[in-house]
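Each residue takes its place number in the sequence, starting with 1. Numbering of ligands and ligand atoms starts at 1, following listing order.
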Amino acid sequence: MNPEMEKQIAEIEGIIRKYNPNGDFAKLYKAFEYAEQAHKGQLRKSGEPFFIHPVAVAKMLAEMDMDLSSIIAGILHDVVEDTEATSQDIAREFGEDVSYLVDGVTKLKHIPTSTKEELQNENLRKMFLSMASDIRVILIKLVDRLHNMRTLQYVNTDSQITKAKETLEIYTPLAHRLGMTKIKWELEDLCFKYLEPDTYKQLSANIKQKREEREEYIQGILETIREKTSELGISAFLDGRPKHLFSVHKKMVRQNKTLDQIYDLLAIRVIVDSVQDCYTVLGIIHELYKPMPGRFKDYISMPKPNMYQSLHTTLLGPKGMPFEAQIRTWEMHKIAEVGIAAHWKYKGGGTTDAATDEKLDWVRHLLDIQKDTGDASQFVETFKMDLFTDEVFVFTPKGDVKNLPAGSTPIDFAYSVHSAVGNRMIGAKVNGEIKPLNYKLVNGDIVDIITTKEVHGPSRDWLSIVKSSEAKSKIRQWFKKERREENIEHGKDFIERELKKQGYTYNELFRPEYLDALLRRYNFNSLDDLLNVVGFGELTAQKIVSRLRDEFLKDETNHEAKIGKRPGQKEKRESKQTTDHGIVVKGIDNCLVRFSRCCSPVPGDMIVGYITRGRGVSVHRADCPNIRAMEDFESRAIDVRWAQNAHSVYNAELAIKAFDRSNLLLEIAGALAELKLNTKAINARITRDNYDVIDLTVEITERDQLDKLIKRLMRIENVVEVTRKSN
Ligand code: MN
């Protein structure tokens, strides 16, 4: 190993020792030796030995106070991809944790990142995150990219531009999202330099030109503040702020300003030990200089979503020149620079104190983790990301990314490419192997759809296999167009069934005068068009039949003033109760009567009648909450009473509320048997407040039986309440 490298490595050890004095340094040295050996003979584009790259990556990770596994993985990150060494070798020599991280970084290399479409970038970023099951993989990857960008001058112009674009589209947004400002800024400036070389040169020259003047000015301000803070015994680190060219450039473009109008150029930063000191220093500065209205921001009490905290204020300096001040603690400073990576610094020896938990909450928020990962300490241990669990990212054979809902199949994929691909699909290869059509795609799968020349169309079963609404609607679309005859037949079936359900005949409802209005309403040219649409499921038969029924009933109320005199209908719909429903309607003989389903009256109940539109008189309990709310209740109410000697059978519905216990249902059934009552239906459910509610339908002939039953049920242990149902 050459002396320069040895010096570098010793330096790295020194950095790590400061925050992790008990680390396994033998393992660290072993990793350096292993990487040097493995990369022996390989050269960087600069002509230097390849080994300088992993050393640089390790150093940056150490500067971010990363854990030793990450640093070792950083040293070894190119070994599996570019040398003979396998991931088993790494696991054996350096342990599972390191090998896991190296594998993660290696996997990310296979994501093609050069795309033409901007749309894909968000997907690619998400994919990066979801494929890196450990956040440390992303950190290593970002640092790797940073070093490559720093040494980009050695590659040709074409690759410079490609790399810079890719960095700006994929890596800097990730760095931003993870709060890694320092890396983000440096990457952005490097991209700026390669993508807009002229503007970059111009801007940096302009900034340089006035640098001396500016620094003198800033130094004056710093001196003034320093005096005041030491007077008050506050230990404060004061500094002019480093310039970030790309953000200055963006600001100038976006706000259409000249360089002189950008405040950030004249900026100071004060770093103190405590939050209390931050506000004290703010007070000092506001006393020394006049603050500019509307320019104060307290990101300490309101941190930015990427966990950034500081006080920002802009002040009027000497000679009337505005300058910006940022005030923060050391901890906030660290977080402002390395973002999520700061987590490892404060993680401590595996224990989590309250402060760490708070930070983790914050990190969780940052990463948009939707599901609660449960125990916070477990979260620290594994730091697995549970991102985008509702999406899956797969590739076309050409390397384009498709973003599908989790659980998607090759059919979803085919339709996401084009409906013509879906409609010609006969099979699929995933990663080169034939897979069944209901195969669930996983992140990173390369999907190749096998198609035929002739369009045979999807199968109806596919509707239950596919996950994406896109595929569903495209499959439906196909059936709508291609299977018209079949659909019309299906449509007829559906309509027939619905008619039967609602108790009407085809001839009753499908009269031309009703139908024409309906076709116009939905914009159909013919009945077949309508049946077609019902057949493939875009419109329900229920909707159609209900509309026609409404027309029919309207008609009927117009023509027949008298209630319930629809010939031929009476027997059909009321067959169960016409024989002897036991109700006398005042002033009307032979009238159509039905019992309301909402309150199920039984003989002995006080009852009222209500004249419905075309369906005779419905009988409700007088205490039914629904009846008085009905349309025109006053004018439509009619006197009804129970007939004498009515020997009909009535359904009574009860709800029994009870505390949960075993054998409850058994005892209820026992009570029913005791009273010789016939049970029609019994259903148990649990309410939100954890009661059992048992819905019971029993046949009775008079009210008295019901009262007895209720009393009997109330005697059952744990039963709280028994009520007549009224829905
Ligand atoms: Mn690398």
Tell me how many protein N, O or S atoms are closer than 2.8 Å to the Mn ion (ligand 1). 4
Please round to the nearest 0.5 Å and tell me the distance separating atom CZ of Phe25 and atom CD1 of Ile12. 11.5 Å
When rounded to the nearest 0.5 angstrom, what is the spacing between CD in Glu337 and OH in Tyr308? 10.5 Å
Identify each donor-acceptor pair in which a side-chain atom of residues 428-437 lies under 3.5 Å from a protein atom, sequence neighbours left out, and give them as a table.
from, atom 1, to, atom 2, distance (Å)
Asn431, OD1, Ile446, N, 2.8
Asn431, ND2, Asp445, OD1, 3.0

Student check: side-chain heavy atoms of Met5 and Pro49 closer than 4.5 Å: no
With a 4.5 Å limit on heavy-atom distance, are the side chains of Thr86 and Val80 in contact? no
Knowing that exactly one of His77, Gln42, Glu48, His39 qualifies, which makes a side chain to side chain donor-acceptor pair (under 3.5 Å) with His53? His77
